[in-house]
Amino acid sequence: DARTAVQNMERDKHVVEQQLATLTQQLQSATQSLAAHEQKLGEAQSNEQRMRAQLRCVEAQVSQLELTKAQLETQLQQRLASAGSAPGAPRSAFAPVATAAASVPVAPATVAAEKRVETET
């Protein structure tokens, strides 16, 4: 009976050791998976921070463009008002367009290209 009990205990020990080995492998796999997920989470958080910074820059640019637009609209209204009150001011339908175009800065390359087209025609 003692021999049978020892054999049973050795068999149980072997089963427990196999279970422990399986659980150890599962734990290692889960730990690796967790580490990979944590790395992806860190990358996602870094991307989110970068995107939020870019969004703040774009929002600042939009704000600046809106301010510039408002300033240009004010200048246009002022020029239209002064052009309309000047003696002999043109009453052409194109006068507002010409006035608006005059208030927009033009790049030197654009001016050179326009002069080239004018001289060619």
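- Each of T74, L76, L80 was scored for a side-chain contact (heavy atoms from CB on, under 4.5 Å) with Q78, with one residue passing: T74.
- Each salt bridge (charged side-chain N to carboxylate O under 4.0 Å, His left out) pair with one or both residues in residues 58-72, not counting sequence neighbours, appears once here: K69-E73.
- For the salt bridge (charged side-chain N to carboxylate O under 4.0 Å, His left out) test, no residue two or more places apart in sequence or in another chain qualifies with R56.
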Under 3.5 Å, sequence neighbours excluded: what are the donor-acceptor pairs made by side chains of residues 19-30?
| residue | atom | partner | partner atom | Å |
| --- | --- | --- | --- | --- |
| T22 | OG1 | Q18 | O | 3.0 |
| T24 | OG1 | L20 | O | 2.7 |

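- Taking CD of Q77 as the reference point, atom OG of S82 lies at 11.0 Å (rounded to 0.5 Å).
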In residues 32-45, what donor-acceptor pairs under 3.5 Å come from side-chain atoms, sequence neighbours left out?
| residue | atom | partner | partner atom | Å |
| --- | --- | --- | --- | --- |
| Q39 | NE2 | E43 | OE2 | 3.4 |

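- Other residues sharing a hydrophobic cluster with V62 under the 4.5 Å side-chain heavy-atom criterion for ILVMFWY residues are V58.
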Indicate every side-chain donor-acceptor pair of residues 3-12 with a distance under 3.5 Å to a residue at least two apart or in another chain.
| residue | atom | partner | partner atom | Å |
| --- | --- | --- | --- | --- |
| N8 | OD1 | R11 | NH1 | 3.0 |
| N8 | ND2 | T4 | O | 3.4 |

